[in-house]
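Computation of the quantities below employed the complete heavy-atom set of this structure, encompassing side-chain atoms and omitting hydrogens, waters and symmetry-equivalent molecules. Order of listing sets the numbers, starting from 1, for every ligand and every atom in it. Quick caveat, the model's predicted, so the values are computed rather than measured.
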Amino acid sequence: MYSNSQSIKLQKSVKQRRSQNNCDGPDNDYGTQPSTTAQTTELSLVDEDVMMSEASTPEPMNDASSIKNEKRPWEKKIYLNCGLYSVDLKYKDIPKRRNKGKQKERPTEIFPLPIQYGTFLMTEERNFRLPWDVMIAHKQGILKRRPAPYKKIPCNIFIERRRKHEKPVVCQCILPSDGGTGCTEECYNRVMFYECSPKDCPCKDKCSNQRFQKKERVKELEVIETPNKGFGLRTKVPIKKGQLIIEYRGEVISHETAMQRMETLYKNRRHSYFLDYEKGEVLDGGSRGTEARFINHSCAPNCHIEKWRAPQGELFVGVFASKNIVARTELTYDYNFSKFGGAEEQLCYCGTPTCRGLMGSKRGQKESIKSIKKKVKGAPAITACTPLSPKEQLVETSAQEESIAGLLSDGSLSSVDSSLAATPTESSPSISSSTASNPLLLAVDMLEVDMLDDLMEL
Ligand SMILES: C[S@@+](CC[C@H](N)C(=O)[O-])C[C@H]1O[C@@H](n2cnc3c(N)ncnc32)[C@H](O)[C@@H]1O
């Protein structure tokens, strides 16, 4: 219970507080700012009184608790109706809802310009440029197309079997005493298209027969778009005859898997990226590979494919220069000697005077342009495509052909042929001739034993 003097004091303080707390009243409508500092000091005094009276009374009265629960002005919500820098509009209060009837119409406002730029932006004149039309290349049809994505891989991927781990074949070369390069033309491994093992080669770090392993390839290559063959690969620098240009990598799969992929994964693809690996196996550069996958076919190519045996027994498939190549020339090789024959024959647009009309099959070599045109209705014109006589079909002898021809002439092929004839697909690089009509033309293709007989007769 309060004493009389206490209750009078309390009533006084409540009255005083109500009269001072004008934030609820109509005067405090939108546009006026309450003097919060003054109120705070006064109210804190009142609170002190209340607290003192409460302390002296164990059971607080209803009035006192209502004062406690009442909303304080500094707890009032302040709405920002403009940006951070517009100081003048910032603290205008929004009128309370319960005074809705008496509420004044709120003036329509726009957000002011940032304070530091206001006048400058309104008065200053300056030139400006319209932004670049990012769609212009697309509208004019000059947008540079990019090839479909594929994954670049550092070595071949074996999908259906394990990688071989055979014992390396060691050559009998002698480490050059004058500091020159070892394992040159006479190296047994080189002659047989085996790369030397860096660990076991007698020439140690002077060995020059580890081009694939040391990645001695041409790095300045670029993918270009051709008029009718899709993308192609071009060299930015001159390349010397016999130089390793790039390794053709991909997934090593069986012929059956390749056929399956053609009917499923690559069903709607225009281009095929299969290359013969070893007997019964194919390198598929369609999803994973190197830039070599962009090299197009030509009936008069400037490159050829060579297959070299790695020390552990797998193959390196490389694109080599068949002649000196000048900078900015498109690289090509003849698919008919190395492309997986399961793929459908395609019309050739190599545009060379010696074009055979078809590519991707050995049949293409024999086919006349007339018969092709009959077969493919509405086929686009193919330039100067008179089939060549077998003699004319002899292409420039590659380094590989030369070395084998050398072996044949000096009788040393016996050491090579025995390995080829014994286990053609397992222990030796595969070598085959292209056609019976063209026996000298040795392509690094799957070994065909009947062709080997022709070779031996030479
Ligand atoms: C290994 S890819 C070569 C890169 C391919 N042009 C690309 O854009 O990805 C082989 C495919 O290229 C096309 N091609 C290559 N040489 C060609 C040629 N001489 N004439 C027509 N098409 C060719 C064929 O569609 C072939 O299946």
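Close approach of ligand 1 to Arg270 (heavy-atom distance below 4.0 Å) involves ligand atoms 25 (O). Each of the atoms 24 (C), 25 (O), 26 (C), 27 (O) of ligand 1 lies under 4.0 Å from some heavy atom of Gln346. Close approach of ligand 1 to Leu347 is summarised as follows: ligand atoms under 4.0 Å from at least one heavy atom of the residue are 20 (N), 21 (C).
Side chain to side chain, Glu195 and Gln213 meet the donor-acceptor criterion of an N or O pair below 3.5 Å. At a cut-off of 3.5 Å, with distance as the only test, a side-chain donor of Tyr266 or Asp284 sits close to an acceptor on the other residue.
Using 4.0 Å as the threshold, Ile295 has a heavy atom nearer than that to some atom of ligand 1. Heavy-atom separations between Gly232 and ligand 1 are all 4.0 Å or longer.
Taking distance alone, with nitrogen or oxygen atoms compared against 3.5 Å, Phe231 approaches ligand 1 more closely than that limit. Ligand 1 has no N or O atom lying under 3.5 Å from any N or O atom of Tyr248, backbone or side chain. Checked against a 3.5 angstrom limit, the closest N/O atoms of Tyr273 and ligand 1 fall inside it. Close N/O approach between Ser272 and ligand 1 is found [any backbone or side-chain N/O within under 3.5 Å].
Atoms OH and NE2, on Tyr333 and His304 in that order, are 12.5 Å from each other to the nearest 0.5 Å. Between atom CG of residue Leu275 and atom OH of residue Tyr335 there is a gap of 9.0 Å, rounded to the nearest 0.5 Å. Separating the NZ atom in Lys164 from the CZ atom in Phe158 is a distance of 8.0 Å, to the nearest 0.5 Å. Atom CD1 of Ile239 and atom CG of Leu331 lie 5.0 Å apart (nearest 0.5 Å).
Seen from the ring of Tyr150, Arg293 counts as a face-on cation partner, given the 6.0 Å and 45° thresholds.
Just one of Cys196, Ser208, Pro202, Cys203 meets the side-chain contact (heavy atoms from CB on, under 4.5 Å) condition when paired with Cys187; it is Cys196.
When the heavy atoms of Leu275, Asn296, Ile224 are ranked by distance to atom 15 (C) of ligand 1, first place goes to Asn296.
Counting heavy atoms under 4.0 Å from ligand 1, residue Thr226 does not touch it at all. At a heavy-atom cutoff of 4.0 Å, ligand 1 is contacted by the backbone of Arg293 but not by its side chain. With a heavy-atom cut-off of 4.0 Å, Met359 touches ligand 1 through its side chain alone.
Taking the six-membered ring where the residue is Trp, Phe212 and Phe316 present parallel rings, their angle staying beneath 30° rather than reaching 60°.
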